[in-house]
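One structure is given below, encoded as C-alpha cells.
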Amino acid sequence: MKKHPERPVLITDAARSQDDQLRSRQIRYVTMMSVRALCLILGGVLISARVPLLPLWLALCALGMVLLPWMAVLIANDRPPKTREERAADAAAREDVRRALTEPPPEPDYITIDAEVVDDPRSRKD
C-alpha cells in the first residue's frame with residue numbers, strides 16, 4: 001500500500017514571521033498615538049481660534065484622546081486572525097475534551113487465567 005506524501009507547504013501559505021507581526025503592530029500603535037497627539041494639538045488650536053461649535057470640536061478631540069490609547073493597546077496586542085485549519089484544529093480539540101468529560105470511561109478488559117494447582121512429585125517426601 002502506497003502512502004501519500006503530505007502536501008508541501010508553500011511559502012505563500014506560511015504565516016508571517018513574529019518579527020514582521022511585531023513591526024506592523026508597532027507601526028499601528030505609533031500611528032494611533034500620533035493621531036492622539038494631533039487631537040491634543042488641535043484642541044489647543046481650536047480654543048485659541050474660538051471657532052464655531054467649539055464644545056462639539058473639543059468633545060471630539062477629548063474623545064479621541066481618551067479612546068485612542070485604549071484602542072491602540074488592544075490592536076497592538078492582537079494577533080493575526082486564525083486560519084481555517086487552526087480554527088478546525090481548535091474545534092476538534094474542544095470536542096475531544098468535551099467527549100472525554102461527558103462519556104464514562106470504558107470498562108477495562110480483565111484477563112483471567114484458569115489454572116490447576118498440581119503438586120510437584122519431586123517435592124513430596126514419602
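Please read all numbers here as calculations on a predicted model, not as lab measurements.
For residues 88-99, the set of pairs meeting the salt bridge (Lys or Arg N to Asp or Glu O under 4.0 Å) definition, not counting sequence neighbours, comprises Lys82-Asp90, Glu95-Arg98, Glu95-Arg99, Asp96-Arg99.
Remark: Thr102 pairs with no residue by the side chain to side chain donor-acceptor pair (under 3.5 Å) rule, at least two apart or across chains. Residues passing the side-chain contact (heavy atoms from CB on, under 4.5 Å) test with Ser17 are Asp19, Asp20, sequence neighbours excluded. The side-chain contact (heavy atoms from CB on, under 4.5 Å) check on Thr31 picks up Ile27, with sequence neighbours excluded. With sequence neighbours left out, the side-chain contact (heavy atoms from CB on, under 4.5 Å) criterion links Leu22 to Arg25, Gln26. In this structure Met33 satisfies the side-chain contact (heavy atoms from CB on, under 4.5 Å) test together with Tyr29, Arg36, Pro69, Ala72, sequence neighbours excluded.
No option in Val73, Leu74, Leu68 other than Leu74 meets the side chain to side chain contact (heavy atoms under 4.5 Å, CB included) test with Trp70.
Note on Ile47 and Leu42: same hydrophobic cluster, where clusters join Ile, Leu, Val, Met, Phe, Trp and Tyr whose side-chain heavy atoms are under 4.5 Å apart, directly or indirectly.
Apart from Val97 itself, the hydrophobic cluster it occupies contains Leu101, where clustering links Ile, Leu, Val, Met, Phe, Trp and Tyr at side-chain heavy-atom distances under 4.5 Å.
Closest approach of Ile75 to Arg28, counting heavy atoms only: CG2-NH1, 3.5 Å.
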Tell me which donor-acceptor pairs under 3.5 Å the side chains of residues 49-64 have, and how far apart each pair is, sequence neighbours excluded?
none

